[in-house]
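Remember, it's a predicted structure, so these values are computed and weren't measured experimentally.
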Amino acid sequence: MIRIATLIAAAVTLTAAPAVAGNYSAKPINPSNGRIIARDISWNCGADACQGSTEESRPAVLCQGLAKRAGTLSSFVANGRAFNAAELAKCNLSAKGVNNGATAVANAN
């Protein structure tokens, strides 16, 4: 009887938990209304912010994908946690219209 209970417990442990969607929001410096499809997320953007939800679990990649299409972001929040200045700066290197080569040269001097 103990063996059967152990096998049942092991089977329950190995059962995959359902994926939970994460919630994200961002504020582009130059906001625009509409929908932006970037990577694994569909962003709904308005005058104040862009909102999105996905099961993707790499916030930095989602941030970079939005920055590529929306431009420089003034903030990015993943599941209630705001990106710090360093994370946001790294994300914004992907921003539309940013000259990454000039930024790298300026930072090296």
Side-chain angles (χ1 to χ4, degrees):
M1 186 70 174
I2 292 174
R3 274 191 151 165
I4 292 173
T6 303
L7 289 174
I8 291 172
V12 170
T13 302
L14 294 176
T15 303
V20 177
N23 294 308
Y24 303 90
S25 66
K27 292 184 181 182
I29 299 267
N30 297 312
S32 64
N33 293 328
R35 177 180 263 180
I36 296 175
I37 307 296
R39 290 229 181 283
D40 297 321
I41 190 168
S42 173
W43 295 96
N44 292 311
C45 299
D48 294 328
C50 295
Q51 305 286 328
S53 180
T54 182
E55 293 176 3
E56 171 65 45
S57 63
R58 298 183 307 165
V61 172
L62 296 173
C63 183
Q64 291 168 351
L66 179 60
K68 281 181 184 177
R69 287 162 181 76
T72 303
L73 305 177
S74 63
S75 70
F76 188 85
V77 178
N79 292 319
R81 187 189 75 78
F83 271 28
N84 63 37
E87 291 170 314
L88 191 59
K90 185 174 180 180
C91 169
N92 281 326
L93 288 175
S94 298
K96 175 176 70 175
V98 171
N99 184 342
N100 291 334
T103 302
V105 170
N107 288 337
N109 293 327

Practice task
Would you mind listing every salt bridge (Lys or Arg N to Asp or Glu O under 4.0 Å) that reaches into residues 60-73, with sequence neighbours excluded?
Solution key: none
Handout entry: Over 12 foreign heavy atoms within 6.0 Å of CG, Asn30
Key = no
Problem - Non-neighbouring partners of Asn23 that pass side chain to side chain donor-acceptor pair (under 3.5 Å), sequence neighbours left out - result: Ser53
Exercise for the section: Taking side chain to side chain donor-acceptor pair (under 3.5 Å) as the test, write out the residues that go with Gln64, two or more places apart. Expected result: none
Cut-off 3.5 Å, no hydrogens considered: what does the side-chain donor-acceptor table look like for residues 33-52, sequence neighbours left out?
from, atom 1, to, atom 2, distance (Å)
Asn33, OD1, Ala47, N, 3.1
Arg35, NE, Ser42, OG, 3.0

Problem - Residue pairs, two or more places apart or on separate chains, that pass salt bridge (Lys or Arg N to Asp or Glu O under 4.0 Å) and touch residues 82-93 - result: Arg81-Glu87
Practice task
Just grab all the disulfide (SG to SG under 2.5 Å) pairs involving residues 53-91, residues at least two apart or on different chains.
Solution key: Cys63-Cys91
Problem - Partners passing side-chain contact (heavy atoms from CB on, under 4.5 Å) against Ala26 (at least two apart in sequence or in another chain) - result: Leu66, Leu73, Phe76
Handout entry: Qualifying residues under side chain to side chain donor-acceptor pair (under 3.5 Å), relative to Ser57, sequence neighbours excluded
Key = none
Handout entry: Pairing residues for Ser74 by the side-chain contact (heavy atoms from CB on, under 4.5 Å) criterion, not counting sequence neighbours
Key = Lys27, Ile29
Practice task
With sequence neighbours excluded, tell me which residues meet ring pair (Phe, Tyr, Trp, His ring centres under 6.0 Å) with Tyr24.
Solution key: none
